[in-house]
K.L.:
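The structure under discussion is supplied below as structure tokens; questions concerning it will follow.
Order of the sequence lines sets the chain letters (A, B, ...), proteins ahead of strands, with each chain counted from 1.
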Amino acid sequence: MIQYITDIEQAIVAVKELVFESEIGLDIETTGLDPILDKIRLVQISTPLNTYVIDMYHVPLSVLNPLLTGGPIKVIHNAKFDAGFLYAASGGVMAEPIFDTMITDQVLHHRGYARSLKDLSKEYLDIDLDKGNQTSDWGAEHLSESQIQYAAEDANVLLPLKHILEEKAVELQITAVVSLENRLVPAICWMERSGVNLDSNLWGELVKSAEAKAVRLKEELNLSVAEHTSSGLDLFGNAAVSVNWDSPTQVKKLLSDLGVKIENTRHSTLEANRGEHPVIALLLDYRGAAKKVSTYGTDWEKHVHPKSRRIHANWVQIGSATGRMSCKNPNMQNLPREAAYRNCFRAASGWVLIKADYEQIELRLAAEIAPDVRMKKAFYEGRDLHSVTASYLLGKPETEVVTDSQRQMAKAVNFGLIFGMGAKGLSSYAQNNFRVKMEEHEAAKIRRRYFEAYSGIKNWHELQSRKRETRTILGRHRILEGERDYTNKLNSPIQGSAADGLKLALIKLWETRHLVNAYPVLTVHDEIVIEAPKELAEKAAEWLKRCMEDGMGEFLQEVPVAVDITSKESWG
DNA sequence: AGTCCGCGCGCG
DNA sequence: AAAGCGCGCGCGGACT
């Protein structure tokens with residue numbers, strides 16, 4: 001039975017009954033997608049027998065408080081949206097606990113994308129939801145019969161869906177991951193609502209200098225080409241070159257005309273041919289500046305919210321097939337590492353940003369998961385794994401000091417070989433990422449020595465290659481059946497376990513937030529940044545460190561978790 | 001005008 | 001025997 005509630009007395013009666021339910025379906029309709037600017041029009045709540053459609057233009061949100069925090073489990077599809085709206089509109093009341101049908105389905109099918117409520121209803125319940133009213137005018141004074149009907153139908157499928165998803169989770173032995181992801185939703189709402197402050201003046205300076213640099217380098221490129229071709233200079237003394245330097249197709253063609261035939265124009269290829277023509281070095285410089293201008297240019301600032309004046313990025317809780325999060329509009333996870341860029345992200349005045357990251361977390365996880373006794377030993381003795389690896393590869397005693405370049409070489413080896421890189425790949429990887437020259441036969445030799453030193457890793461590779469499904473330590477799965485998926489079979493459980501640990505850290509922050517007046521503002525795979533009042537900086541740093549150690553610590557038992565932490569007014 | 005894809009590159 | 005992995009975004013170019 002559908003009950004359309006348009007006054008406060010009816011709402012209070014409904015809430016009094018609903019608090020005794022163990023779980024309720026919950027959905028909202030809003031006038032738009034922005035929780036800061038837009039309004040909640042309807043809150044639909046379903047039980048096995050009834051559906052309440054509450055008109056929030058006539059009922060104050062606080063009436064629902066007894067239902068939101070504590071009380072029944074809120075079953076929601078894409079709960080970040082609904083809980084985020086309720087959180088913003090109520091000034092800090094979080095819907096909790098949550099069972100998110102979208103996130104749960106994603107854990108089950110383990111791909112990096114989410115599915116709609118319509119798709120789930122069709123597949124699991126054989127119900128065709130009519131989404132015709134989804135984008136109708138929810139701000140209208142009088143809602144139509146079909147709008148109310150639509151709103152109710154959406155809420156009605158949630159409880160049946162939950163039960164089916166839960167059964168499947170048990171069958172797949174994946175309930176721990178489902179529980180982790182559902183507990184995480186409030187923390188993500190919290191972080192997204194917090195946002196982060198951008199110093200637009202500093203950013204503007206960076207944009208200006210990148211733009212000037214790009215213009216200058218483009219001129220130099222054109223001049224350089226003019227010198228080396230018959231095109232020469234035009235009547236005005238300008239280079240008569242009409243190549244678009246942002247077009248790989250045109251650049252490749254031009255270089256070919258200049259006698260440099262290359263497969264592609266990516267950085268490593270150009271770098272390898274740097275000596276072939278003076279234009280190549282200029283092009284590499286231009287590419288650097290052009291990237292700054294295009295991806296980190298003036299458009300980027302448009303993400304500052306007009307009302308909060310902060311950046312509220314869109315955090316995608318399961319953003320990859322391994323279980324990592326992703327981030328968009330804007331992507332806070334691929335900002336240049338240069339201090340100049342990261343310093344643009346500043347705490348509010350009187351506050352600080354505290355940045356903490358896990359040290360070599362994937363290697364630590366690999367050591368434990370494989371397991372590899374020698375690698376584990378290096379970690380629990382607190383030694384530097386890259387130096388240890390260098391010693392083994394060079395046949396030196398562990399106590400002897402290795403040079404910096406030897407350590408660089410070993411770093412490339414550790415990162416590459418653990419995840420199944422071949423000799424050819426290792427040699428170019430070392431060159432491109434660590435500026436270490438390594439011939440292919442040399443790489444092959446290093447590879448052999450590496451697996452002699454770390455036989456646990458070698459055995460683990462063989463074990464993984466025979467699997468058709470990988471699991472993180474918590475149990476997050478990914479189906480990888482092909483021979484071609486070899487390297488994914490190595491990477492997924494490691495990358496995924498690191499993601500699980502970081503997610504648990506975020507959960508712990510949320511669930512112990514009463515300890516410190518602070519909140520997370522961003523996270524980058526092995527790093528969490530929080531904002532805290534300056535006078536609480538030390539306390540907040542300890543809190544963050546503890547949550548991160550405890551979170552990852554549930555998965556890393558035999559190898560210590562190391563968290564590096566710094567506190568400044570900016571992120572840099 | 002809008003849509004889609006490959007390339008290239010920023011980050012972990 | 002051989003095989004690094006995971007994202008989002010801006011651009012050019014081809015297509016409708």
K.L.:
Of the nucleotides B:dG12, C:dG13, C:dA3, which one has an atom closest to the side chain of A:Q250?
P.N.:
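Minimum distance to the A:Q250 side chain belongs to C:dG13.
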K.L.:
Could you check whether A:A290 gets within reach of a base, just the sugar-phosphate, or nothing at all, counting any heavy atom under 4.0 Å?
P.N.:
nothing
K.L.:
Return no unless some side-chain N or O of A:S326 is found under 4.0 Å from OP1 or OP2 of C:dG6.
P.N.:
no
K.L.:
In whole angstroms, how far is the P atom of C:dG10 from the NZ atom of A:K292?
P.N.:
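The distance from NZ of A:K292 to P of C:dG10 comes to 16 Å, rounded to the nearest Å.
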K.L.:
Calculate the interatomic distance between A:R476 atom CZ and C:dC5 atom P; express it in whole Å.
P.N.:
20 Å
K.L.:
Heavy atoms under 4.0 Å, any strand shown: does A:N329 hit a base, just sugar-phosphate, or nothing?
P.N.:
sugar-phosphate
K.L.:
Specify the residue among A:H303 and A:T249 whose closest nucleotide of DNA chain C lies further upstream toward the 5′ end.
P.N.:
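The answer here is A:H303.
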K.L.:
Could you check how far CE of A:M332 sits from C1' of B:dC11, rounded to whole Å?
P.N.:
12 Å
K.L.:
A:R324 near the nucleic acid: base, sugar-phosphate alone, or nothing, with a heavy-atom cut-off under 4.0 Å?
P.N.:
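If one applies the 4.0 Å heavy-atom cut-off, A:R324 turns out to touch a base.
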K.L.:
Is there a side-chain polar atom (N or O) of A:R478 under 4.0 Å from OP1 or OP2 of C:dG6?
P.N.:
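True: A:R478 side-chain N/O within range (under 4.0 Å) of C:dG6 OP1/OP2.
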K.L.:
Picking from C:dC5, C:dG8, C:dG4, which would you name as closest to the side chain of A:N334?
P.N.:
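When the side chain of A:N334 is considered, C:dG8 is the closest of C:dC5, C:dG8, C:dG4.
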K.L.:
Considering just the side-chain nitrogens and oxygens of A:N488, establish if one lies under 4.0 Å of OP1 or OP2 belonging to C:dG6.
P.N.:
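True: A:N488 side-chain N/O within range (under 4.0 Å) of C:dG6 OP1/OP2.
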K.L.:
So which nucleotide from C:dG4, C:dG12, B:dC11 ends up closest to the side chain of A:R342?
P.N.:
B:dC11
K.L.:
Of the listed nucleotides (C:dG4, B:dG10, C:dG6), which one gets closest to any side-chain atom of A:S320?
P.N.:
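Nearest to the side-chain atoms of A:S320, counting from C-beta on, is C:dG6.
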K.L.:
Report the distance from atom CD1 of A:I361 to atom P of C:dC5, rounded to the nearest whole Å.
P.N.:
21 Å
K.L.:
Using Watson-Crick or G-U wobble geometry with both distances under 3.5 Å, which nucleotide pairs with C:dG4?
P.N.:
none
K.L.:
If the cut-off is 4.0 Å, is A:R337 near the phosphate of B:dG12, judged by side-chain N/O to OP1 or OP2?
P.N.:
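Yes.
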K.L.:
I'd like to know if the side chain of A:H312 pairs up with that of A:S308 as donor and acceptor (distance under 3.5 Å, no hydrogens or angles considered).
P.N.:
yes
K.L.:
Ignoring hydrogens and angles, answer whether the base of C:dC5 and the side-chain atoms of A:Q495 contain a donor-acceptor pair closer than 3.5 Å.
P.N.:
yes
K.L.:
Between B:dG8 and A:R287, counting only base atoms on the nucleotide and side-chain atoms on the residue, is there a donor-acceptor pair under 3.5 Å?
P.N.:
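Flag unset: no donor-acceptor pair detected.
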K.L.:
Taking all non-hydrogen atoms of both residues, which atom of A:A289 and which atom of A:A210 are closest, and how far apart?
P.N.:
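Taking A:A289 first and A:A210 second, the nearest heavy atoms are CB-O, 4.0 Å.
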K.L.:
Regarding A:D299, tell me which of base, sugar-phosphate or nothing describes its non-hydrogen contacts under 4.0 Å with the strands shown.
P.N.:
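Since no nucleic acid heavy atom lies under 4.0 Å of A:D299, the category is nothing.
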K.L.:
Cut-off 3.5 Å, side chains only: do A:Y380 and A:E558 have a donor facing an acceptor?
P.N.:
no
K.L.:
Counting side-chain heavy atoms from C-beta on, which of C:dA3, C:dG8, B:dG8 comes nearest to A:P248?
P.N.:
B:dG8
K.L.:
Return the nearest nucleotide to the side chain of A:K291; candidates are C:dG8, B:dC11, C:dG6.
P.N.:
C:dG8
K.L.:
Quick one: which of C:dC7, B:dC9, C:dA3 gets closest to the side chain of A:T487?
P.N.:
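Between C:dC7, B:dC9, C:dA3, the one nearest the side chain of A:T487 would be C:dA3.
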K.L.:
Between B:dG12, C:dG12, C:dA3, which nucleotide has the shortest distance from any of its atoms to the side chain of A:K424?
P.N.:
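In terms of side-chain proximity for A:K424, the closest of B:dG12, C:dG12, C:dA3 is C:dA3.
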K.L.:
Whether the side chain of A:N331 and the base of C:dG8 hold a donor-acceptor pair under 3.5 Å is what I'd like checked.
P.N.:
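No such pair is found, so the answer is no.
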K.L.:
Report which part of the nucleic acid A:G420 touches: base, sugar-phosphate, or nothing (heavy-atom distance under 4.0 Å, all strands).
P.N.:
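Contact class for A:G420: base.
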K.L.:
Can you check whether A:Y450 and A:Y392 have ring centres sitting under 6.0 Å from each other?
P.N.:
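When the ring centroids of A:Y450 and A:Y392 are compared, they turn out to be at least 6.0 Å apart.
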K.L.:
Whole angstroms only, please: what is the CG-C1' distance between A:D246 and B:dG6?
P.N.:
16 Å
K.L.:
Side chains of A:H305 and A:D34: donor-acceptor distance under 3.5 Å anywhere?
P.N.:
yes
K.L.:
Any base atoms under 4.0 Å from A:S492, or only sugar-phosphate, or nothing? Heavy atoms, all strands.
P.N.:
nothing
K.L.:
Salt bridge check, A:K253 against A:D257: does any charged N sit closer than 4.0 Å to a carboxylate O?
P.N.:
yes
K.L.:
Kindly give the heavy-atom pair with the smallest separation between A:M332 and A:V524, and that separation in Å.
P.N.:
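Taking every non-hydrogen atom into account, O-CG2, 4.2 Å.
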K.L.:
Report the distance from atom CE of A:M552 to atom P of B:dG12, rounded to the nearest whole Å.
P.N.:
16 Å
K.L.:
Find the distance A:N433:CG to B:dC9:P and express it as a whole number of Å.
P.N.:
13 Å
K.L.:
Name the closest nucleotide to the A:H525 side chain, picking from C:dC11, B:dG12, C:dG8.
P.N.:
B:dG12
K.L.:
Contact class for A:A498 (heavy atom, under 4.0 Å): base, sugar-phosphate, or nothing?
P.N.:
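No contact.
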K.L.:
Taking OH from A:Y429 and P from C:dC5, how many angstroms apart are they, rounded to a whole number?
P.N.:
11 Å
K.L.:
So, A:S387 versus A:D384: side-chain donor-acceptor pair below 3.5 Å or not?
P.N.:
yes
K.L.:
Using only side-chain N and O atoms of A:N244, determine if any of them is under 4.0 Å from OP1 or OP2 of C:dG12.
P.N.:
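Result: yes.
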